[in-house]
2 protein chains.
Amino acid sequence: MIKIVIIGSGNVATHLIKTFNRSNKVKVIQSFNRKGLSVAGIPATDNYEALETADLYLIAVSDDAISEVSAKLPFKGRLVAHTSGSVALEELSPENRRGVFYPLQSFSRDKDVDFSKIPLCIEAENDRDREILEYVARSISQRVHPVNSEQRRSLHLAAVFVNNFVNHLYAIGDDICRKNDLPFDLLKPLIAETAKKIEHMPPVEAQTGPARRNDQNTLQKHLNQLNLHPTYKKIYELLTKSIQEQQYDSI
Amino acid sequence: MIKIVIIGSGNVATHLIKTFNRSNKVKVIQSFNRKGLSVAGIPATDNYEALETADLYLIAVSDDAISEVSAKLPFKGRLVAHTSGSVALEELSPENRRGVFYPLQSFSRDKDVDFSKIPLCIEAENDRDREILEYVARSISQRVHPVNSEQRRSLHLAAVFVNNFVNHLYAIGDDICRKNDLPFDLLKPLIAETAKKIEHMPPVEAQTGPARRNDQNTLQKHLNQLNLHPTYKKIYELLTKSIQEQQYDSI
């Protein structure tokens, strides 16, 4: 049984503790957080000196605290991994064996997570540590992907486009609805269908709309409608241009 | 039983014929298309003079053909509606009673459609015609919304943001993955979760990511990664700016 200590008390830490709790291949023996709060019945501490001996220390704290937390660990030569998509492996203290355990998903505190379908991207400095991380990952997910640092950085960037930026386009749709006394609900079936379509079709092929058809008449009408919102208008122009560039590229 | 003639042979026309076929409140009595092809066993014609007498003529052709088709109809005073989100009611010939029957969804030829959940936005010049369109709409969908022209134009614009532009962001994610030897599949659970989240939470509240947190460190790293792709870099900058503007606005 692999013993794990989880450092942090945010969404990722909490969901990981709950999920590992259900596995019979690994065991979370301790939770470390600044308030010493127990999560899901796991013994907790706020004292670095009180950290138990474990096979793996998972640092699930905010990106800018990872380096500092790893430097405070009062031991050497143990396996320490962070859970961030954008932080370099090298930001972990070299006193310990370093790794990354990055779940490619967005977590909300109040919503249960089915880890079995979440891609876990892992990275380590040597084969033995990669095997440990892979074993731990496979104990909760069917989708485990060893990646290198460059790939992980790219995944994190791609995730910003398909998650954060997509959500912002939803927010613009919501805003346009509100300003015209329309319920955002009207757009929800379309949003669901758009997300579903690319499960079985490359998005470049799934592309439709006035930009794709180069329908100048509709494009011009839409730009006129956006005259009162210069930022939305710029977004419309830029994404239209990008769609048209992409259709000419061979990707 | 309301009698309908459907003009057109594209995705919307085909799906409407198949769906009305299953209803016992309306009946598609004829399909008109340039090749005179029968769809789903409905009698077809390619001859305007051979059009049957019906309670409603639905013009489901491409946007720029609507006006021409409506002008060719060889009768007066009947109810004629188009199915487009962006074409004005006034583009239909004034010889007939005019209306709009706009299904707010994206249709693919090979994929069956459950109309019962698709919002149908209807518009007419008088109450009696609006009632007919509403009756027809309710025969296939639980979500029928009378809208005015301005609202319909806004919905169509909002749909471009949440469908066409969102799909393009998926395509950018796909492109970034390909260029780094990563399967696009890795992003699919995140895409599904992002679309699901806004079903129960306003998108402005669901917003996460480095732009929302104003995490300058990550923003700068991402922009550097995009140096080789100026258009993606501009999109990153502009959407980041727009997210930050929106967080300060009271919407």
Side-chain angles (χ1 to χ4, degrees), chain A residues 86 104-106 117-119 145 151 153-155 157-178 180 182 186-195 198-199 202-204 206-209 211 218 221-222 225 231 234-235 238-239 242-243 245-246 251, chain B residues 86 104-106 117-119 145 151 153-155 157-178 180 182 186-195 198-199 202-204 206-209 211 218 221-222 225 231 234-235 238-239 242-243 245-246 251:
Chain A
S86 67
L104 188 41
Q105 186 54 285
S106 149
K117 283 163 193 156
I118 296 180
H145 297 264
Q151 287 176 315
R153 271 194 293 271
S154 302
L155 275 175
L157 174 63
V160 168
F161 279 89
V162 305
N163 170 11
N164 307 147
F165 288 168
V166 160
N167 184 77
H168 182 56
L169 296 184
Y170 297 158
I172 292 175
D174 187 10
D175 190 28
I176 292 172
C177 284
R178 279 168 202 255
N180 291 278
L182 292 160
L186 285 173
L187 296 176
K188 289 180 181 173
L190 183 60
I191 285 173
E193 182 65 22
T194 304
I198 54 90
E199 283 179 17
V204 176
Q207 190 66 53
T208 57
T218 304
K221 277 196 253 181
H222 284 167
Q225 284 174 260
T231 303
K234 276 186 209 153
I235 292 171
L238 183 56
L239 290 175
S242 183
I243 287 170
E245 282 177 7
Q246 191 176 53
I251 289 166
Chain B
S86 66
L104 189 41
Q105 184 54 284
S106 147
K117 284 164 192 151
I118 296 180
H145 297 264
Q151 287 177 316
R153 272 195 292 273
S154 301
L155 276 175
L157 174 63
V160 168
F161 279 89
V162 305
N163 170 13
N164 307 148
F165 289 168
V166 160
N167 183 77
H168 182 55
L169 296 184
Y170 297 158
I172 293 176
D174 187 8
D175 189 29
I176 293 172
C177 284
R178 279 169 202 253
N180 290 280
L182 292 160
L186 285 173
L187 296 177
K188 289 180 181 173
L190 183 61
I191 285 172
E193 182 66 22
T194 304
I198 54 89
E199 283 179 17
V204 176
Q207 191 65 53
T208 57
T218 303
K221 278 196 252 179
H222 283 167
Q225 285 173 259
T231 303
K234 275 185 211 152
I235 292 171
L238 182 57
L239 290 175
S242 184
I243 288 170
E245 282 176 8
Q246 192 176 52
I251 289 169

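Reminder, nothing fancy here: chain letters follow the sequence lines and each chain counts from 1. Computed from a predicted model, the values in this text were never measured in an experiment.
With chain B as the partner, the residue from A/K188, A/H222, A/R153, A/K221 showing the most heavy-atom pairs under 4.5 Å is A/H222. Listed options A/S154, A/G209, A/P202 were ranked by heavy-atom pairs under 4.5 angstrom with chain B; first place goes to A/S154. Ranked by non-hydrogen atom pairs under 4.5 Å with chain A, the options B/T231, B/T208, B/L157, B/N180 are led by B/L157. Each of A/I176, A/I172, A/L104, A/L190 has some count of heavy-atom pairs under 4.5 Å with chain B, and the biggest count is that of A/L190. Contact count versus chain A (heavy atoms, under 4.5 Å) is highest, among B/L155, B/L238, B/L186, for B/L186.
Taking all atoms of both residues into account, the shortest heavy-atom contact from B/V162 to A/Y170 is CG1-CA, 3.9 Å. Closest non-hydrogen pair, A/E193 versus B/S106, comes out as CG-O, 4.1 Å. When all heavy atoms are compared, the tightest approach of A/P119 to A/H145 is CB-CD2, 4.4 Å.
When only modelled atom types and interatomic distance are considered, B/N167 and A/Q207 share a side-chain donor-acceptor pair under 3.5 Å.
Heavy atoms of B/K117 lying under 4.5 Å from chain A belong exclusively to its backbone. For B/V166, the parts lying near chain A are the backbone and the side chain together; criterion is any non-hydrogen pair under 4.5 Å. With a threshold of 4.5 angstrom between heavy atoms, A/V160 approaches chain B through side-chain atoms but not through N, CA, C or O. Only the side chain of B/T218 comes within less than 4.5 Å of a heavy atom of chain A; its backbone N, CA, C and O stay farther away. For a residue to count as touching a neighbouring chain, one of its non-hydrogen atoms must lie under 4.5 Å from one of that chain's; by this rule A/H168 touches chain B with backbone and side chain alike. B/N163 touches chain A through backbone and side chain together, each having a heavy atom under 4.5 Å away.
Qualifying side chain to side chain donor-acceptor pair (under 3.5 Å) partners for B/Q105, counting only residues two or more places apart in sequence or in other chains: none.
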Legend entry - Full working for side chain to side chain contact (heavy atoms under 4.5 Å, CB included) between A/F161 and B/L187: CA-CA 10 Å; A/F161 279 89; B/L187 296 177; over 6 Å; no

Inset, instruction - Begin with the C-alpha distance, continue with both residues' side-chain angles, and end with the deciding distance and a verdict on side chain to side chain contact (heavy atoms under 4.5 Å, CB included) for A/L169 and B/L239. - result: CA-CA 9 Å; A/L169 296 184; B/L239 290 175; 4.2 Å; yes

